[in-house]
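Reckoned from all heavy atoms, side chains included, excluding hydrogens, waters and symmetry mates.
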Amino acid sequence: VFLARVIEQKKPGNLYNIIASRAQGRHMQGQNIKAVIKILAEASGPNVLLEVLVGGRDDPDVGLQLVRPPHPPEIARAFRRAAAADPTAKLYLNEAQCDNNGAGLGPVIRPALLQLVDELKQAGVPVYGVGLESHLDMGMSYDDTQFASYCAQLAAKGVKISISELDVRDFTLPEDPATRDKLIADRIQTFLTKALAVPAVDQVVTWGLSDKYSWLKALWRDRYGDTVRQPRPLLYDEYMQKKAAWTAVSNALRSRRKR
């Protein structure tokens with residue numbers, strides 16, 4: 001999956017809309033979009049515009065200045081150019097923080113994303129689906145029934161839905177690994193079972209496979225230093241052994257198939 005994001009970057013006296021190629025870890029100005037689209041055309045799987053509304057950041061303290069219209073024209077332009085480069089591509093708009101109610105983010109971003117999807121669809125922009133990043137945080141508040149209802153609202157606009165970037169931040173949980181694994185698995189299974197009850201939710205993507213390579217390890221180290229305790233957010237441990245989270249995802253998917 002190739003990830004691109006439309007962000008706004010402020011510089012003295014100017015405001016630049018930038019397309020940043022996350023897959024290659026570099027930023028390119030809008031006039032170089034053809035280079036991004038060339039990569040998009042060569043990528044396999046769904047192609048994504050990432051974190052448009054939160055400005056390319058998904059931390060709880062993110063600024064919300066980008067959620068309000070008018071939205072940058074580069075959003076629609078990127079979709080159209082990607083479709084021109086590869087008419088068979090399934091193009092997704094991927095957004096952060098719609099899953100939670102913490103820090104006032106979800107209640108602001110969810111309606112803003114609905115509005116953006118409306119704008120794009122009404123303008124004939126080829127949006128195939130919406131990815132809802134799901135970095136579940138055990139220290140934040142959630143309403144999984146409300147989230148499933150939101151998925152249904154999106155589905156009514158004619159888009160498929162991907163539960164994307166699934167993992168669980170366990171910083172507030174007890175230290176014991178077995179206890180954490182059980183709580184994380186329960187959280188994942190409850191969340192996915194609710195979401196997968198919506199027929200348009202047809203994809204689950206984890207943000208990595210092994211705890212060993214999780215982005216949360218660097219975040220933990222930055223906050224707490226090098227400790228024996230390490231985050232356990234994913235389906236496999238650092239030795240690539242299945243954890244309870246793997247079973248939780250499997251159970252949720254099996255439950256979906258039985259419906």
Side-chain angles (χ1 to χ4, degrees), residues 50-54 57-64 67 92-117 129-156 159-174 179-208 211 214-216 219-220 223 231-235 243-253 255-256 259:
L50 175 67
E51 296 172 8
V52 171
L53 295 178
V54 298
R57 295 161 293 176
D58 58 4
D59 292 326
D61 60 351
V62 67
L64 296 175
V67 304
Y92 280 72
L93 179 66
N94 198 57
E95 195 52 76
Q97 303 291 354
C98 291
D99 57 308
N100 67 72
N101 294 322
L105 293 172
V108 174
I109 295 173
R110 284 192 292 267
L113 181 57
L114 287 172
Q115 182 178 12
L116 177 56
V117 171
V130 172
L132 299 175
E133 295 182 23
S134 301
H135 295 291
L136 305 178
D137 188 333
M138 299 299 287
M140 296 182 75
S141 63
Y142 294 84
D143 184 332
D144 295 338
T145 299
Q146 181 186 64
F147 179 72
S149 176
Y150 180 71
C151 290
Q153 287 181 274
L154 278 170
V159 294
K160 295 293 187 180
I161 299 165
S162 169
I163 301 301
S164 61
E165 304 193 20
L166 176 66
D167 60 11
V168 180
R169 187 181 300 197
D170 62 353
F171 294 5
T172 59
L173 294 182
T179 301
R180 273 191 283 156
D181 286 354
K182 173 66 165 58
L183 293 170
I184 288 168
D186 290 346
R187 180 73 196 95
I188 288 175
Q189 186 163 337
T190 299
F191 174 76
L192 285 183
T193 299
K194 290 279 189 181
L196 289 168
V198 180
V201 179
D202 65 351
Q203 187 179 104
V204 176
V205 181
T206 59
W207 199 231
D211 296 336
S214 170
W215 69 286
L216 289 170
L219 186 60
W220 175 270
R223 292 187 180 184
R232 299 179 63 84
L234 290 163
L235 278 59
K243 295 162 48 188
W246 186 98
T247 303
V249 173
S250 177
N251 289 342
L253 294 172
S255 176
R256 161 68 173 261
R259 294 192 182 98

Is any side-chain heavy atom of [X] less than 4.5 Å from a side-chain heavy atom of [Y]?
X	Y	answer
V204	S134	no
P233	S214	yes
N94	E165	yes
D167	T206	no

Supply the atom-to-atom distance [X] [atom1] to [Y] [atom2], rounded to the nearest 0.5 angstrom.
X	Y	atom1	atom2	result
D99	S164	CG	OG	9.5 Å
D202	I161	CG	CD1	8.5 Å
L192	N251	CG	CG	10.5 Å
L132	Y150	CG	OH	6.5 Å
Q153	R110	CD	CZ	9.5 Å
L113	E95	CG	CD	6.0 Å

Verify, without hydrogens or angle tests, whether [X] (side chain) and [Y] (backbone) share a donor-acceptor contact under 3.5 angstrom.
X	Y	answer
T190	D186	yes
D170	R232	yes
Y92	S162	no
K182	A244	no
H135	R169	no
Y142	D137	yes
R180	F171	no

Which heavy atom of [X] sits nearest to which heavy atom of [Y], and what is that distance?
X	Y	value
L216	V168	CD1-O, 3.9 Å
A252	T193	CB-OG1, 3.9 Å
D211	L234	OD1-N, 2.9 Å
K194	A148	O-CB, 3.5 Å
T172	G139	OG1-N, 3.5 Å
V159	G129	CB-CA, 4.0 Å

Give a yes or no on whether a salt bridge exists between R187 and D144, defined as a side-chain N under 4.0 angstrom from a carboxylate O.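 Looking at R187 and D144, the cut-off is met.
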